[in-house]
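Chain identifiers are assigned alphabetically (A, B, ...) following the order of the sequence lines, protein sequences preceding nucleic acid strands; residue numbering begins at 1 within each chain.
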There are 2 protein chains.
Amino acid sequence: MLEKVDLSKKMTKEEYKEKMPVLESRLGELQRQCKSLNIPVMVVFEGFGAAGKGVQIGRLIQSLDPRGFEVHAIQRESEEEKMHPFLWRFWTKTPAKGRIAVFDGSWYRRVLIDRFEKRTKKGELSDAYHSICSFEKQLTDDGCVLIKLFLDISKKEQKKRFQKLLENKETAWRVSKGDLERNQRYDDYQAIMEEMLQRTDTDYAPWMIVEAMDKRYAEVKIYSAVIRALARQVEKVSHEKAEAEALKAVLPMDETVRAAAAAEEAARNVSDLQESVLTKADLTLSYTKEEYKKRLKKLQKKMEILHSELYRRRIPVILGFEGWDAGGKGGAIKRLTEKMDPRGFVVNPTASPNDIEKAHHYLWRFWRAVPKDGHIAIFDRTWYGRVMVERIEGFCTRQEWQRAYKEINDMEKDWADAGAVVVKFWMQIDKDEQERRFKARQENPEKQWKITDEDWRNREKWDQYEDAVNEMLLRTSTDYAPWIVVEGNCKYYARIKVLETVVNALEKRCSRP
Amino acid sequence: MLEKVDLSKKMTKEEYKEKMPVLESRLGELQRQCKSLNIPVMVVFEGFGAAGKGVQIGRLIQSLDPRGFEVHAIQRESEEEKMHPFLWRFWTKTPAKGRIAVFDGSWYRRVLIDRFEKRTKKGELSDAYHSICSFEKQLTDDGCVLIKLFLDISKKEQKKRFQKLLENKETAWRVSKGDLERNQRYDDYQAIMEEMLQRTDTDYAPWMIVEAMDKRYAEVKIYSAVIRALARQVEKVSHEKAEAEALKAVLPMDETVRAAAAAEEAARNVSDLQESVLTKADLTLSYTKEEYKKRLKKLQKKMEILHSELYRRRIPVILGFEGWDAGGKGGAIKRLTEKMDPRGFVVNPTASPNDIEKAHHYLWRFWRAVPKDGHIAIFDRTWYGRVMVERIEGFCTRQEWQRAYKEINDMEKDWADAGAVVVKFWMQIDKDEQERRFKARQENPEKQWKITDEDWRNREKWDQYEDAVNEMLLRTSTDYAPWIVVEGNCKYYARIKVLETVVNALEKRCSRP
């Protein structure tokens, strides 16, 4: 893509002065529209060193309301960042709906500078491209406008700019050894950039090449690109809104919903074959109290020792718990963590998303909770809500939950690629056992708070949940992040199985060099 | 994904007999609906040997109108197929709109059996996955229903089935050495299958695992899966049609179109910066007649020699020609091929698609014309129509032409990965030169047929085309398939540049070991 770039482009001062006021006011207006339509925006600046990324970002934000954006300068990974999966620092910086995030450098560092400096190993490169494309697809599928600008200058121009900076004491520090090395080996670095552009120029997140030899020209081009992308999304979202309104007027919503539900039901009727991952679980498995106590003590001891080995070896661990209401998640988590050093783990209870979480991609809050190397994160309910409750209650569209299987697999793979142990538990009980537990809770004044009307309502949808759970187990059980179905009618048995599984997974991981 | 499969599933004869008549009549009905709604359908059968693919396909088609489907049995590549890119034989088998294609084995062979037997080299694997996902995304984006069924049986069951086949003289031939080898190394082969399932289980083309130990159970599950997928698409397409109708009633179409056009225009106005790949072309470049003749002779001689070397070395060549009307494509192609052995090349003129072509994906007709190894295919106008005339005339949606850049890059990469030399020429002239040539044609009785009203109409859209061409050149010029802008005001110069470029590219390719 760089081959066809004409770096001789220039703009006269007059033309520039004529154009800019129009562009500036239009950009401000679009920012306000994006805010009111809840459109999140990301603007990425990449390109050659000294191409003027900093200057151009400064000019771009002059037209923006400062309460509505943030700028992130992406340097080499910090110690903290190194202890997380590579996309972690970018996921946590994705903007809320209606806000703009500008990136001076970005996740592309991984396949550019870090690759050039051999910080990214050869085997990691293909994974990194996969992760990047998946990241960008997930964000744009979710309605984010992602604008990727690549600032291009020639080798000669770059050298000139570096020299000018070096001549002045106050700016010399801005030119690093790496900058000079990349200028000397400009062709090699350009080849890396070209490969990057080709592999990541997608329909959902295309690259815009900016000829950056002339600052005025570049500025006008950047403004124009940002304006075009925002205008298009504003137009699209407004149009969809208008269409939905218009449709509501002619087709009463009820009818549409009813028609869709009927079709769904018809399709179900011809295929009422229950997938049986769950029915396979042998719920008669049990331990006596004595057996339980003996095993528990031994396993907890092992866990304690493994936990400190994990810490020493900087291995992160992510454990997800899902299951039927009253399936015994809480009890199992308690026994698992009882003897562990509390400074080394955190339990994240997952409720329905709060306002801030709702304003982000549904995976954002889980990315934020990724543990750093050597730590354990336990999730009481997880990101799988998307393909269970959100699917069944219609909190997301069919497209959204169908897409989620791959999104989740990709996320877990990113974690595993970064060295994490990832295990997910499904706490399985049968319908009768659930009823017994619900009733016992209601009769026990100390446990009454644990049981709500919603629990009883969910229970009515048992079959729908069973379908969804079976599909989830099938599509998202992988070698890097397996699902373990825990036979839970006997609590003793369930707790031991969880502990045992975790201990085995950690022992296996620790035996790796 | 295979880990969670319960192979013990069975169905009684009674249940089977009760369910099948309903399923059979429903499938027949859906086939008719797909036909009337122009929905193309592909059903892929993959899985372990002796899992019953053949039997199940036989049962599935019993409910189908035989005029509406075809079944393709995919064996090891034939000599003919080996001489083409690996997806070629599948692209050419994609069904027309409204038809059903069933695949007994498929493109997954490349990452399964062929990989197991080391016919697919290690370095090719990642490319193969990329190609497969891109292929499936392109088809489903285009409205095709792609149903992927994976028939799963255990090692023990597979062995039993093979033995039973071997015991009988009439069926023994059906068990190959490879089958037995894969049974012996069942775990290794299963690991390969598991990786395949994980990497290709996407939202647009998910896998359905079919527990195939019990034939009745498997048959009902396959029918149900196919019915569900078809019903969903029928519902979706009907719904979209109804919505479009309803919208037309409330929002007169003109207005919607006008609003979209106005928004587009507004976006253009703020960024009337012309990309200048084209304006960079120095149209004063020229040769005298003597120079031209001298060079032409030399180059044509070289071309003749190279052509036979290509043939000996089995190198395929794909040359695409685009350019302004009267830009000199025909003349350049004529000089290029004049001295070549006519058995070794073919010139494909690309007009607007005919009915059969329209009933397929827009890239289908170009895949069909891919030359076999050692041959040259020249295209007078190409697959780039999608991002030029179709974009400008509104023959496809914005989503469609935006998606096309990557689709085309992926296609050309598939060709290059298969060893092809791919070069694309843009014949550039300026607007005045075009007018001169148009007028000259009109005045010459022998050339009058070459100039139509449409040519004059297209000329009025010069600026729009220029924008589109510049974007095309930028996004689709790659190292494996570069664009060459040919300065064409002087026909002599243009013809020599084309010949010279081809000769250089071929010499370079022939110098590779």
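The contact between B/Asp479 and chain A is made by backbone and side chain atoms together, counting heavy-atom distances below 4.5 Å. For B/Val5, the parts lying near chain A are the backbone and the side chain together; criterion is any non-hydrogen pair under 4.5 Å. In this structure, chain A has no heavy atom under 4.5 Å from any part of B/Tyr129. Residue A/Leu30 does not touch chain B at all, counting heavy-atom pairs closer than 4.5 Å.
When each of B/Val485, B/Leu473, B/Thr478 is scored by its heavy-atom pairs under 4.5 Å with chain A, the top score falls to B/Thr478. Of the listed residues (A/Glu194, A/Lys406, A/Glu195, A/His130), the one with the most heavy-atom contacts under 4.5 Å to chain B is A/Lys406. Interface summary for chain A: among B/Pro482, B/Ser477, B/Ala404, the most heavy-atom pairs under 4.5 angstrom belong to B/Ser477. Options B/Glu407, B/Arg403, B/Gln399 differ in how many heavy-atom pairs under 4.5 Å they form with chain A, and the most are formed by B/Arg403. Ranked by heavy-atom pairs under 4.5 Å with chain B, the list A/Trp207, A/Tyr405, A/Tyr204 is led by A/Trp207.
When all heavy atoms are compared, the tightest approach of A/Asp203 to B/Lys137 is OD2-NZ, 4.1 Å.
By the 4.5 Å heavy-atom criterion applied to side chains, B/Asn409 and A/Gln198 are not counted as neighbours.
Checked by atom type and distance alone, the side chain of B/Arg475 never pairs as donor or acceptor with a backbone atom of A/Pro206 at under 3.5 Å.
Atom NZ of A/Lys280 has more than 12 neighbouring heavy atoms from other residues, nucleotides or ligands inside a 6.0 Å radius.
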